[in-house]
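Written below as structure tokens is the structure these notes are about.
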Amino acid sequence: MSQATESDVREDGVIESVSGPVVTAKDLDARMNDVVYVGHEGLMGEVIEIEGNLTTIQVYEETSGVSPGEPVESTGAPLSVDLGPGMLDSIYDGVQRPLDVLEEKMGSAFLDRGVDAPGIDLEKTWEFTPEVEEGDEVEAGDVVGIVPETASIDHKVMVPPDYEGGEVVAVESGNFNVEETVVELDNGEEIQMRQEWPVREARPTVDKETPTEPLTSGQRILDGLFPLAKGGTAAIPGPFGSGKTVAQQSLAKFADADIVVYIGCGERGNEMTEVIDDFPDLPDPQTGNALMARTCLIANTSNMPVAARESCVYTGITIAEFYRDMGYDVALMADSTSRWAEAMREISSRLEEMPGEEGYPAYLAARLSEFYERAGYFENINGTEGSVSVIGAVSPPGGDFSEPVTQNTLRIVKTFWALDADLAERRHFPAINWDESYSLYREQLDPWFTENVADDWPEQRQWAIDTLDEEGELQEIVQLVGKDALPEDQQLTLEVARFLKEAWLQQNALHDVDRYCPPEKTYEILGAIKTFNDEAFDALDAGVPVEEITDIDALPRLNRIGTTPDDEAEAFVEDLEADITEQLRALY
Ligand code: ADP
């Protein structure tokens, strides 16, 4: 969060009334969305309504003890984030105050109020290596230098988007703090490593392109059946105990993104504490460094005030856009958007707005879509390409998907990964239900998969989908009459589908090898099951009974491909397919 300087501060107002996080002030000289400081303690808030002489403010901190008559002052600036090196490896609250700094200042991250802290360390120095020379022309967005931000990520120092640009007249090299000028232009514009941006406004780009590359996740069910595009949007519901935490950590670790922004938005306090405790210890399998070296965490637990929950998703997505501008692929995970929507509902009801469905404000759908709209694969103003992919968790009360937040989310996002408590109970992990999940990116990403993995990727996948569909229908009959009443070919389909589920869709996040499956291996496992299918049906046609077909020695090895080291998998599958073929053909 940017700090207001003395000169920013405008006319004082006076508190008229206080209702939870909503405070009304009179005589305040402020504009919509300006940040204001409320009461003697200077609690941070934001103007959300102005009517005549009365200004309504949502306050990001607990307002107990605040009373009418206390002063309110406006900073004259909208809610903005500080952008610059140091954001990675940081843990922030919903208005970008670093939790470690808050904790230091007040002994506990959750108790005291009125503490302001800049989003990035203003004292720390960074080694700036210029990428421009005197005499160069630069425009808004252009990269003027590089700073090694963490062991994993080079931070690109860019001309702020609202600068005019011009000729470089002075350029520094060496160690500087984020407020020192490193490049000067002939029009007097000075570039520092830090810039600010209002959180509710998307950072400008040249063009939003149709995503054509997958954000591969190393999770077979996702890459194989329900792929997300780089710059795409996904929703994941999180029933308790369904493996949501493990799924999110797997995505954070293995998704093919340069940067991860993780927004913990008002989930149960202890759950967020778990994230804060766990994340800093996670290794990054891509680089061997800490995962935090390419992660920014924003943590708002449900015991933090409701308005800060409302702002945290904007803080997060603005940070994501900033790294996108550098040309990076960013994955943003928001957990949970339901808690965010509840914060909106609470503030709306305090404002006595006309409620929509289930008490949510009528603008719920608009806010959700504005947020997801900021995802995308973009051509940036500096000519680079970058993406922000958004994965939003929803937590519908009682698992009821018909409620407004889930429904409105499903209308917007193009991928849905349905985590399923029943599958988790049966220890089928990842517990993603293949009947209910979908991805509208599938066809759009096919050219990438056919070019980079295998020509017949789309056909193989379609075969898997058809087989799983058929299995679903057969299971209904089996429940009524038992498996033995089915004709042999259908019994065989059930066996093939069993391998699809056990050897392909299931994946053990706790196994060193299996936790990450490259797309090539995802394809190979599926191919091996398809080989078994084709050979088995030939054997069946030749009169071999199903029990004999499913009894061949080679078959259990299908379940071991996932745990076979990646560089041995191809040979393992080749041998296995040869054995399956040989053993089945020997039966007739
Ligand atoms: P939630 O966050 O939904 O309450 P967790 O993610 O903590 O659930 O998962 C609960 C348990 O399920 C984990 O401790 C783990 O034993 C098991 N589990 C979840 N996903 C996987 C997976 N992909 N592979 C193996 N075990 C898993």
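When reading the values below, keep in mind they use all heavy atoms of this one structure, side chains included, and skip hydrogens, waters and symmetry mates. Keep in mind that what you see is a predicted model, and the values were worked out from it rather than measured.
Checking V144, D142, N382, V143 one by one against K156, the side-chain contact (heavy atoms from CB on, under 4.5 Å) holds for a single residue, V143. The ring pair (Phe, Tyr, Trp, His ring centres under 6.0 Å) with H155 is formed by just one residue from the set W126, Y323, F128; it is Y323.
Taking each heavy atom of G119 and D82 in turn, the nearest pair found is N-OD2, 3.0 Å. Considering every non-hydrogen atom in both E123 and N177, the closest pair reads O-CB, 3.5 Å. Considering every non-hydrogen atom in both A331 and L215, the closest pair reads CB-CD2, 4.4 Å. Closest heavy-atom contact between G232 and A375: O-CB, 4.1 Å. Residue A229 comes nearest to S389 through the heavy atom pair O-OG, 3.7 Å, listed as atom of the first residue, atom of the second, then distance.
Taken from CG in D284 to OG1 in T295, the straight-line distance is 7.5 Å, to the nearest 0.5 Å.
Surrounding NZ of K253 are more than 12 heavy atoms belonging to other residues, nucleotides or ligands, all under 6.0 Å away. The neighbour count for E139 CD, taken as heavy atoms of other residues, nucleotides or ligands under 6.0 Å away, does not exceed 12.
Note on ring orientation: taking the six-membered ring where Trp is involved, the planes of Y262 and F279 are tilted (angle from 30° to 60°).
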N187 vs E189, side-chain hydrogen bond (donor to acceptor under 3.5 Å, both in side chains): CA-CA, chis, key distance, verdict | CA-CA 6 Å; N187 62 0; E189 286 175 334; 3.1 Å; yes

Can F401 and F416 be said to form a ring pair (Phe, Tyr, Trp, His ring centres under 6.0 Å), step by step?
-> CA-CA 12 Å; F401 288 176; F416 178 54; 5.7 Å; yes

Can you check side-chain hydrogen bond (donor to acceptor under 3.5 Å, both in side chains) on N380 and T205, steps first, answer last?
-> CA-CA 5 Å; N380 296 320; T205 53; over 6 Å; no

R200 and E46: CA distance, side-chain angles, deciding distance, salt bridge (Lys or Arg N to Asp or Glu O under 4.0 Å) verdict | CA-CA 12 Å; R200 296 188 194 275; E46 184 183 2; 2.6 Å; yes

Is there a salt bridge (Lys or Arg N to Asp or Glu O under 4.0 Å) between E196 and R194 once you walk through the steps?
-> CA-CA 7 Å; E196 283 178 26; R194 161 180 176 270; 3.1 Å; yes

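Counting only N and O atoms by type, the side chains of T245 and Q248 include no donor and acceptor under 3.5 Å apart. Side-chain N/O atoms of R374 and T318 include a donor and acceptor closer than 3.5 Å. Side chain to side chain, S387 and D329 meet the donor-acceptor criterion of an N or O pair below 3.5 Å. Between the side chains of T315 and Q96, not a single donor N or O lies within less than 3.5 Å of an accepting N or O. A donor-acceptor pair shorter than 3.5 Å can be found between the side chains of T24 and S17.
In this structure, E310 and V306 have side chains that are not in contact, with every pair of non-hydrogen atoms separated by 4.5 Å or more.
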Show me, pair by pair, the donor-acceptor contacts under 3.5 angstrom made by side chains of residues 357-373, not counting sequence neighbours?
from, atom 1, to, atom 2, distance (Å)
Y363, OH, E353, OE1, 2.7
S369, OG, A365, O, 3.3
S369, OG, A366, O, 3.3

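A distance-only check finds no donor-acceptor pair linking the side chain of E342 to the backbone of T337 [under 3.5 Å].
Partners of R411 by salt bridge (charged side-chain N to carboxylate O under 4.0 Å, His left out), not counting sequence neighbours: none found.
Ion pair D325/R203 flagged as a salt bridge, since at least one NZ, NE, NH1 or NH2 atom sits closer than 4.0 Å to an Asp/Glu carboxylate oxygen.
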